[in-house]
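Here is the structure we will look at.
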Amino acid sequence: MRPGPGGCCCRRPLRANGCVANGEVRNGYVRSSAAAAAAAGQIHHVTQNGGLYKRPFNEAFEETPMLVAVLTYVGYGVLTLFGYLRDFLRHWRIEKCHHATERKEQQDFVSLYQDFENFYTRNLYMRIRDNWNRPICSVPGARVDIMERQSHDYNWSFKYTGNVIKGVINMGSYNYLGFARNTGACQEAAAKVLEEYGVGVCSTRQEIGNLDKHEELEKLVASFLGVEAAMAYGMGFATNSMNIPALVGKGCLILSDELNHASLVLGARLSGATIRIFKHNNMQSLEKLLKDAIVYGQPRTRRPWKKILILVEGIYSMEGSIVRLPEVIALKKKYKAYLYLDEAHSIGALGPSGRGVVDYFGLDPEDVDVMMGTFTKSFGASGGYIGGKKELIDYLRTHSHSAVYATSLSAPVVEQIVTSMKCIMGQDGTTLGKQCIQQLAENTRYFRRRLKEMGFIIYGNEDSPVVPLMLYMPAKIGAFGREMLKRNIGVVVVGFPATPIIESRARFCLSAAHTKEILDTALKEIDEVGDLLQLKYSRHRLVPLLDRPFDETTYEETED
Amino acid sequence: MNIGVAHSEVNPNTRIMIRRGLWLTYALGVGLLYIILLSIPFFGVPVAWTLTNVIPNLGMYVFLHAVKGTPFETPDQGKARLLTHWEQLDYGVQFTSSRKFFTISPIILYFLASFYTKYDPTHFILNTASLQSVLIPKMPQLHGDRAFGINKY
């Protein structure tokens, strides 16, 4: 089925969730049962959307086993009941109250905070708080040194024992290409620039903080991405939250993915535009919202929207999924909306030449109106950038809050970005960049394959270097983090409210700095801990995202 | 864990009742309670059924209709602080599937309890009172209402 110039609009009869019944083909979705796949009986979904996708798109999110879901709720129920009990004991002074309370003199005043809003923090989070905010004391490369802490009052306060746990395998840093180093070409170049320019810039870009280094960086970023111009900012979060308000305002519509990052959500809210949320990576949901927006216009006046901006990310760091960029671009062209792509995790990490998700799908960077990304993940620096047409960047130079009010990037950081970017592009004369990209891709495939074979539930796309391993139960969050640290591996565990309540997970971030030996050690330990904590939930029934029950009825906060 | 992240789902309390497995957990919990009550030697079957009706209803009343606000900070500047969990469900949209489930399940328990207590007057009064306490707050007309100003702030 050839898509017309409009793209991937489906004219076949659909079920409620947009899939045709088993056996038919819809836009190239072919269900073949396991002929070429590894295990028999495994449904292997491959999308080849009539030429939109030039490579197979393998994304799967296994459904939570029912027993695990029930046990998770029971776990949270027990924790809630105990939380109430402890609150009762604390209130009647039977137990010592460690957290801040109002002074006796102020007890008749209207309270500043509601006690109940802190319930989750003090009763659930505090119990496993030692898994987060662990202080590290070395460069976060493939191995990192962690300062040992102890708590004698159940995590209300920590004391340093004085030991340093050395050589912890670092599975949590966003060090995708291994540029988090304190030796090597990047460090030497940055040190030289530090001697010349110093550390502080002491001004904003608009005033007297516009260094020649910044201009060099922006030209380099523009050529790296394949866009006309780019602009760099001091902080990745601030890039999103300060630039989206400059692009859209009241009377515009923002269509944002369900699982967008806090910076995108904040930027969208600050802008004052109407926000509508579509199901994660679900193109039917997005198309429905686009159609409704264009047909019905603004809520009461029915006037057409001034702008429609679609906010998506390249790789979603909590799910490990990659955006369906070819379909999004096809939809955007059909309905004449604008696309804002946040490549925080995917720039440098995806694509044969490391140029992000646009490169990964083999698309034209000019199709994406605003390409945003950060330098914190793959480049080992800090800051963010926005790339696009020259008029857009010129407009942002004068209208963006970050450009006008925020201090610009520091010169050694800029040099780190420039050196690492040249290395990735191959412009420094070595093949180090290419090797790193290939190493990362190999590590990703290997790690994911081994974990799936072991029987864990792993979310996300096969090519994404972010690997979420599902834990589900609240106690296992703490247990997993602590057990892994005992075995000298540092992982990041995430729970509610950053994830849905039953889907807590451990998130591994792979790096080109990880050698196969490191990965094998890590895998062996994960295997052991998985057996100990009974984390191997997978029944090998993979369900791709499109078949997730797409509930047509979404209730959202009504905004007037 | 980031407490209070700016998430697309502003108030997770609104969606929790429809998550996979919650209804089953509730049903299993009630079943377990019944079995435990039945195994206490001096409770007869009628008393066990009445208690199986009353105790979950009491729990439901406390957690869905008495406790207000959210146990975590939400990024909407506390719009839901004065709302009970029932009022927060689905952002106030009525007749959704989670609301239907939690309205119907006490009624089913009531039927079962009435049958097994052989319509005895004392048990009847207890069961009916318990059912009323849990059904009346769920009525859409009483959304946001605080009778006699009880539990208003």
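Remember, predicted model here, so these are calculated numbers, not experimental data. Residue numbers begin at 1 in each chain, while the letters A, B, ... track the order of the sequences.
- Contacts from residues 107-145 of chain B to chain A, taken as heavy-atom pairs separated by less than 4.5 Å, involve no residues at all.
- Within residues 24-48 of chain B, the residues having any heavy atom closer than 4.5 Å to a heavy atom of chain A are Leu24(B), Thr25(B), Leu28(B), listed by residue number.
- By the neighbour-count criterion of 12 heavy atoms within 6.0 Å, atom NE2 of His98(A) is densely surrounded, having more than that number from other residues, nucleotides or ligands.
- Side-chain contact between Glu73(B) and Tyr120(A) is absent, with no heavy atoms from C-beta onward closer than 4.5 Å.
- Between Pro71(B) and Glu117(A) there is no side-chain heavy-atom pair separated by less than 4.5 Å.
- Contact of Tyr84(A) with chain B is made through the side chain alone, with heavy-atom distances under 4.5 Å.
- The nearest pair of heavy atoms linking Gly21(B) to Ala69(A) is CA-CB, 4.4 Å.
- The local environment of OH in Tyr61(B) is sparse, with at most 12 non-hydrogen atoms from other residues, nucleotides or ligands closer than 6.0 Å.
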Q. Given Arg81(B) and Phe116(A), is the side-chain contact (heavy atoms from CB on, under 4.5 Å) satisfied, shown in steps?
A. CA-CA 9 Å; Arg81(B) 270 191 205 134; Phe116(A) 191 51; over 6 Å; no
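- Using a 4.5 Å cut-off between heavy atoms, Asn131(A) does not touch chain B at all.
- Between the CZ atom of Phe63(B) and the OG1 atom of Thr80(A) there is a distance of 7.0 Å, given to the nearest 0.5 Å.
- The two atoms that bring Pro500(A) and Arg19(B) nearest to each other are CB-NH1, 3.5 Å, heavy atoms only.
- Atom CG in Leu124(A) sits 11.0 Å away from atom CZ in Phe72(B) (nearest 0.5 Å).
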